2 protein chains.
Amino acid sequence: MPAAAIPAPPWRAPKKAPAARQPLSAEAVLSTALRLVDRDGLDALSMRRVAQELGTGAASLYAYFANKDELLEQLLDRVVGEIPLPRADAPDWKAEVKRACFASRNVFRSHRDLVRVARANIPTGLNSLRYAEALLALLRGAGIPDRICAWAMDQMSMVIIADAVEQSIHEELGRRTEAEPYLNQVRDYLAALPADEFPNLVALAPTMIEGSGDERFQFALDLMIDGLATYARPSGGAA
Amino acid sequence: MPAAAIPAPPWRAPKKAPAARQPLSAEAVLSTALRLVDRDGLDALSMRRVAQELGTGAASLYAYFANKDELLEQLLDRVVGEIPLPRADAPDWKAEVKRACFASRNVFRSHRDLVRVARANIPTGLNSLRYAEALLALLRGAGIPDRICAWAMDQMSMVIIADAVEQSIHEELGRRTEAEPYLNQVRDYLAALPADEFPNLVALAPTMIEGSGDERFQFALDLMIDGLATYARPSGGAA
DNA sequence: ACCTGAACACCGTTCAAGT
DNA sequence: ACCTGAACACCGTTCAAGT
């Protein structure tokens with residue numbers, strides 16, 4: 001039995017601070033950044049803080065990422081990789097599209113407000129490309145014309161991201177103010193408007209905040225997918 | 001004729017720099033801020049720069065705005081005020097909704113990437129409220145149920161803002177790189193992907209960037225409004 | 001009472017000087 | 001050749017000290 005296998009006695013253990021646990025790599029940087037976002041939110045993510053967490057200076061990160069934007073882009077792609085890919089051979093394409101949309105939303109929601117970095121479409125990360133490829137396969141398999149497929153994919157990601165962003169902002173807002181639930185405040189504000197100038201807003205104040213987030217998202221998806229279905233092959237199923 | 005009315009001889013005129021032309025007010029701050037955004041984009045807007053433009057220090061702005069976010073919120077509301085209100089008594093509600101959506105998009109587009117600040121819905125500025133009121137009057141007039149009206153209004157602003165944000169990002173990107181048009185680069189990138197792993201993306205590379213922004217926006221709106229129409233009073237016109 | 005210069009606690013990014 | 005401390009040029013916000 002080699003002596004090296006014997007554990008060092010604990011009382012003489014940590015010679016140095018346990019800072020540099022990982023030898024620094026793009027992977028290590030991304031993991032650390034994601035952990036920080038999950039813990040403190042996107043606004044708290046700075047190059048300096050990520051570096052500090054890794055036991056080095058901010059300048060060292062620029063060996064792996066050209067700038068902060070590139071780091072964020074790759075961070076988002078990493079998260080996109082957590083979304084299960086839709087199956088092109090699903091028996092019911094509409095149900096599969098809807099499932100994929102909900103899955104995407106759930107993944108984005110599980111990483112605080114990171115989704116806010118998803119702005120310009122047509123992302124170029126590997127995971128994003130794989131996802132786009134799978135979705136296109138599903139839509140084309142349903143007999144939807146190419147041009148409509150491309151537009152629909154854009155539309156869908158727009159709706160998903162917008163919904164996730166809105167939700168995340170409400171949550172971050174609610175996290176800061178521990179007073180009344182945010183939506184109740186909105187309702188009360190609208191209800192208190194002068195009824196002669198804003199009759200419809202006052203009348204709809206309770207309705208405006210009604211319906212869980214899921215219901216609203218469902219509504220948006222149905223509007224879009226049902227519209228999409230008019231372009232699909234009549235059968236309604238994949239080949 | 002009082003002596004004070006005689007203009008000072010020009011050769012002894014400007015004692016001080018002509019900086020403080022306006023006596024500083026929320027209005028003056030907003031005008032200046034909007035001018036800066038229109039000229040240099042949202043990222044170039046800082047409290048310090050706005051103050052400098054007004055010939056004072058950044059601290060002075062905090063007499064009129066609690067913080068930068070509040071300034072941005074009011075700035076956006078000011079721009080929303082430029083959108084013509086939809087008319088509730090329009091003969092064809094679908095056409096009127098579509099016109100309103102295009103008008104909103106055009107106004108947002110005319111102020112660089114300011115639209116990026118429009119994130120959480122349910123804004124509370126006066127102009128935003130007036131717009132929401134007018135849109136609700138139009139939708140309810142079409143016989144659409146209250147709950148659907150509320151959701152649809154959210155959906156519409158989501159689509160408009162997302163489209164304007166995407167467009168503005170492409171434009172800001174194109175402003176920085178004077179190389180090939182951005183969309184052409186995207187197409188070439190997609191076309192160059194390995195065809196065995198990404199057959200659909202490669203096949204659709206030309207289609208993906210096809211269709212002007214207007215066509216795509218039109219498509220998104222039609223999808224939504226046609227879906228909305230299934231909830232409306234069958235007549236299709238306002239009362 | 002009002003205004004604001006200077007300070008505070010941060011940023012992203014660069015680069016010369018070290019190893 | 002690689003890494004990084006320190007510097008640069010900014011931020012938003014606060015507040016004491018002036019008028």
Side-chain angles (χ1 to χ4, degrees), chain A residues 16-30 32-34 36-37 39-76 112-114 116-117 119 169 172-173 176-177, chain B residues 15-30 32-37 39-76 112-114 116-117 119 169 172-173 176-177:
Chain A
K16 290 177 182 177
R21 297 208 306 263
Q22 309 179 74
L24 202 53
S25 63
E27 233 304 296
V29 173
L30 288 176
T32 302
L34 187 56
L36 283 184
V37 169
R39 200 208 316 143
D40 303 323
L42 188 62
D43 284 338
L45 187 78
S46 71
M47 299 298 268
R48 289 170 126 96
R49 232 190 280 250
V50 174
Q52 189 187 29
E53 201 84 358
L54 287 162
T56 181
S60 302
L61 305 185
Y62 290 82
Y64 305 96
F65 304 91
N67 48 43
K68 192 186 180 184
D69 273 347
E70 194 180 295
L71 193 157
L72 288 177
E73 201 186 304
Q74 292 192 31
L75 198 57
L76 188 70
R112 295 282 293 258
D113 49 352
L114 177 65
R116 275 170 42 204
V117 314
R119 289 161 171 164
I169 287 174
E172 298 295 322
L173 229 85
R176 279 186 254 284
T177 74
Chain B
K15 285 177 186 173
K16 290 176 182 178
R21 297 210 305 262
Q22 309 180 75
L24 202 54
S25 64
E27 234 304 297
V29 173
L30 288 177
T32 303
L34 188 55
R35 189 155 41 83
L36 283 184
V37 169
R39 203 214 307 148
D40 303 324
L42 187 62
D43 284 337
L45 187 79
S46 71
M47 300 297 270
R48 289 170 127 96
R49 232 189 282 249
V50 173
Q52 190 187 29
E53 202 84 358
L54 287 162
T56 180
S60 302
L61 305 186
Y62 289 82
Y64 304 97
F65 304 93
N67 48 42
K68 192 186 179 184
D69 273 348
E70 195 179 294
L71 194 158
L72 288 178
E73 202 185 303
Q74 292 192 32
L75 198 56
L76 188 72
R112 295 283 292 257
D113 49 352
L114 177 65
R116 275 169 45 203
V117 315
R119 288 161 170 164
I169 288 175
E172 298 295 322
L173 229 85
R176 279 186 254 284
T177 73

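For clarity, every value in this text was computed on a predicted model and none was experimentally measured. Convention: sequence-line order gives letters A, B, ...; per-chain numbering from 1.
- Nucleotide D:dC3: unpaired (no Watson-Crick or G-U wobble partner with both distances less than 3.5 Å).
- Comparing D:dC2 with D:dA6, their P atoms sit 23 Å apart, to the nearest whole Å.
- A straight line from CZ of B:Arg48 to C1' of C:dA6 spans 10 Å, rounded to a whole angstrom.
- D:dA9 and C:dA9 are spaced 22 Å apart, taking the P atom of each and rounding to whole Å.
- Between C:dT4 and B:Ser60, a contact under 4.0 Å exists linking OP1 or OP2 to a side-chain N or O.
- Residues B:Leu34 and B:Leu114 have side chains in contact (heavy-atom distance under 4.5 Å, counting atoms from C-beta outward).
- Nucleotide D:dC8 is matched to C:dG12 when pairs are restricted to Watson-Crick or G-U wobble geometry with both distances under 3.5 angstrom.
- Within the 3.5 Å criterion, the main-chain N or O of A:Leu24 finds a donor-acceptor partner in the side chain of A:Tyr64.
- Atom CG of A:Asp43 is separated from atom P of D:dG12 by 13 Å (rounded to the nearest Å).
- The distance from atom CD of A:Gln52 to atom C1' of C:dC11 is 14 Å, rounded to the nearest whole Å.
- With rounding to whole Å, A:Lys68 atom NZ is found 8 Å from C:dC11 atom C1'.
- The CG atom of A:Leu45 sits 15 Å away from the P atom of C:dC10 (whole-angstrom rounding).
- Regarding B:Leu61, its CG atom lies at a distance of 15 Å from the C1' atom of C:dC2, rounded to whole Å.
- The distance from atom CG of A:Leu24 to atom P of D:dC3 is 8 Å, rounded to the nearest whole Å.
- Residues B:Asp113 and B:Ile169 are not in side-chain contact: their nearest non-hydrogen atoms beyond the backbone lie 4.5 Å or more apart.
- Summarising the geometry, the separation between CE on B:Met47 and P on D:dT13 is reported as 6 Å, rounded to the nearest angstrom.
- Nucleotide D:dA17 forms a pair with no other nucleotide shown, judged by Watson-Crick or G-U wobble geometry with both contacts under 3.5 Å.
- As judged by a 4.0 angstrom heavy-atom cut-off over every strand, A:Ala63 is placed among residues making no nucleic acid contact.
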- Please walk me through it: do B:Glu172 and B:Asp43 pass side-chain contact (heavy atoms from CB on, under 4.5 Å)? CA-CA 10 Å; B:Glu172 298 295 322; B:Asp43 284 337; over 6 Å; no
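- For the pair A:Arg49 and A:Ala59, nearest-nucleotide mapping onto DNA chain C gives the more 5' position to A:Arg49.
- Two residues are said to be in side-chain contact when any heavy atoms from C-beta on lie closer than 4.5 Å; B:Glu53 and B:Arg49 fail this criterion.
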